2 protein chains.
Amino acid sequence: MESKAFSEQAKTTLARTLAPRVAERTTLVDQVANRIRREIILGTLDPGRHLVEKRLAEDLSVSRGTVREALTRLASTGLVEFSPGSGNRVRYFSDSDIAEIGEVFAALEGRAALHAVLPPSPAAEKELRDIAEQMRGLRLPDDVEELMRLDREFHGTLMNQQPKTKLVEAWQSLESLLAVMMVPIMRRGVGTSDSQADRHLLLVDAAMTGEPELLIKGLEQHYYQM
Amino acid sequence: MESKAFSEQAKTTLARTLAPRVAERTTLVDQVANRIRREIILGTLDPGRHLVEKRLAEDLSVSRGTVREALTRLASTGLVEFSPGSGNRVRYFSDSDIAEIGEVFAALEGRAALHAVLPPSPAAEKELRDIAEQMRGLRLPDDVEELMRLDREFHGTLMNQQPKTKLVEAWQSLESLLAVMMVPIMRRGVGTSDSQADRHLLLVDAAMTGEPELLIKGLEQHYYQM
DNA sequence: TCGGACACGATTGTCCGACAATTAAGTGAA
DNA sequence: TTCACTTAATTGTCGGACAATCGTGTCCGA
């Protein structure tokens, strides 16, 4: 028998999980999707795990339809695998998968770099460095989640330097893949929080040269190192 | 009052819309999603159009839940815009959006080209050329759909030359964006079916040189021309 | 005449319960 | 062990239901 992943109270916590947003309406489906996504990323729900709709619905105290919609959404981002008729499973990513995901991001960010206002404005530079520095203080196994948030924020800031909305959008739609790839990496202990910080600072340096080529090279290395 | 977009018979046609696949089980949701996607791509449902769940459900003779799931899926690919509370609308793409989408694909395919087995095998070359040639015979305004299918097939074949599954996957998850961008282009009359064929043949030539750099350059031009 | 408060209808977000179809698992026989 | 079969679990889809919310048009007061 599988162990319960969502045992505790549900609705109460859910309602405020990531809610302190400005004023954007968050639907229940969003909250459920976020919740499950988090469990997957953190590894509470390990790869291959069968996600049974009814069970999730009960554990989270929502209707099956709501869970279903959330799962559909996760499936579209690639975190969950749908096999018509036989259910949804947490997707498994091999090492080479992870390497490739890195490439996808290198490709997209590299492309964006071509359009970026380089070098970044002083304000942007500061912001980027600040984010990188924040990574330094993290205790690794526990703060994975925070590290990922910072990572997303960093690369997001880097990409938002320029108004290429579609690139940013494509990037965002694949973003949770990035999150998945980070977890095993962290586990493997490949990077301490310090090295993460350093690696990102290198990127800032590359960007500050004002040479798109250098930033692109930097990005490639950044992702290959993982 | 809006004109009906899905007036004719529904279920019967739906069942076999794109079904001649090997043996993959297609759910009703898939069929509905395909159907709506097609209408959007073909322009029957113009940008900004409000997609009312109940209405679609009735027109297609399926339940609202099914439509909802289909819409969710389309939204995740970017074709449909969700605004919690106020409904789903067909997404509008500006010219610059379209240009950017082209860039995304150039980036991904270019990246894939780095890993491709270049030059393609004789078999692959033949297949690519065949596809390109098939474009030649099309009557344009009417055969848009077929042209798009060929285009997808071409680029898909090009990318499948190598086993970089994640790149391919990222590409696929964005594929319908590619489809949307082609329609206005066709309408604008930018390319006759002949020029389409020629442009793709140029890509084959580039690939056959065995030089990844040349293929990448080719891809960039390919998308920029649009 | 114009801006704003209000009421109303349309639509969405979510829930429930139900049922056939399909899949996965367990059982027994060869 | 392996194969065929029965059984239980799960999915795919349906219909209806209801509150919350949104968009819109109406009426009122300035």
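Order of the sequence lines sets the chain letters (A, B, ...), proteins ahead of strands, with each chain counted from 1. Since we're looking at a predicted model, the values are computed, not measured.
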*Asks:* Report each atom pair, protein N/O against N/O of nucleotides 15-18 of chain D, whose distance is under 3.5 angstrom.
*Replies:*
residue	atom	partner	partner atom	Å
dA17(D)	N6	R64(B)	NH2	3.4

*Asks:* Between A106(B) and L219(B), which heavy-atom pair has the shortest distance, and what is it?
*Replies:* CB-O, 4.5 Å
*Asks:* What is the nucleic acid contact for G65(B), judged by heavy atoms within less than 4.0 Å: base, sugar-phosphate only, or nothing?
*Replies:*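 No contact.
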*Asks:* Between R129(A) and E133(A), does at least one N-O distance fall below 4.0 Å, as a salt bridge requires?
*Replies:* no
*Asks:* Compare side-chain N and O positions of S86(A) against OP1 and OP2 of dT11(D) and report whether any pair is under 4.0 Å apart.
*Replies:*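 No.
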*Asks:* Measure the distance from NZ on K54(A) to C1' on dC16(C) and round it to the nearest whole Å.
*Replies:* 13 Å
*Asks:* Report the nucleotide, chosen from dT11(D), dT12(C), dC15(C), that has the shortest atom-to-atom distance to any side-chain atom of N88(B).
*Replies:*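 Per side-chain heavy atoms of N88(B), the pick is dT12(C).
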*Asks:* Given atom CZ of R55(B) and atom C1' of dT11(C), what is their separation to the nearest angstrom?
*Replies:*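 Atom CZ in R55(B) sits about 13 Å away from atom C1' in dT11(C).
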*Asks:* Without decimals, in angstroms, what is the distance between L60(A) CG and dC15(C) P?
*Replies:*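 Roughly 10 Å, once rounded to whole Å.
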*Asks:* Think H50(A) has a side-chain N or O under 4.0 angstrom from the OP1 or OP2 of dA25(C)?
*Replies:* no
*Asks:* Nearest 0.5 angstrom please: S63(B) OG to E58(B) CD, how far?
*Replies:*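 Here the interatomic distance stands at 12.0 Å.
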*Asks:* The criterion is salt bridge (Lys or Arg N to Asp or Glu O under 4.0 Å); which residues satisfy it with R89(B), sequence neighbours excluded?
*Replies:* none
*Asks:* Does dG28(C) have a Watson-Crick or wobble mate here (both distances under 3.5 Å), and if so which one?
*Replies:*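 Paired with dG28(C), as far as the under-3.5 Å criterion goes, is dC3(D).
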*Asks:* Could you state the CD-C1' distance from E53(B) to dC22(D), rounded to the nearest angstrom?
*Replies:* 14 Å
*Asks:* Looking at every heavy atom in both V90(B) and D46(B), which two are closest together, and how far apart are they?
*Replies:*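 Between these two residues, the closest heavy atoms are CB-O, 3.6 Å.
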*Asks:* I need the CD-P distance between Q31(B) and dC14(D), as an integer number of Å.
*Replies:* 10 Å
*Asks:* Let me spell it out: for each of V67(A) and G87(B), pick the nucleotide of DNA chain C with the closest heavy atom. Which residue's pick is nearer the 5' end?
*Replies:*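 It is G87(B) whose nearest nucleotide is closer to the 5' end.
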*Asks:* Starting at atom CD of E81(A), determine the distance to atom P of dT23(C), rounded to an integer number of angstrom.
*Replies:* 16 Å
*Asks:* Does a side chain donor of either E109(A) or Y223(A) reach within less than 3.5 Å of an acceptor in the other side chain?
*Replies:*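 Note: E109(A) and Y223(A) side chains meet the donor-acceptor criterion.
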*Asks:* Over how many whole Å does the gap from E69(B) atom CD to dT12(C) atom P extend?
*Replies:*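 Rounded to whole Å, this separation is 16 Å.
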*Asks:* Are L74(A) and I36(A) side-chain neighbours, meaning at least one heavy-atom pair lies under 4.5 Å?
*Replies:* yes
*Asks:* Can you tell me how far C1' of dT11(C) sits from CG of L56(B), to the nearest Å?
*Replies:*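 After rounding, the gap between these two atoms is 13 Å.
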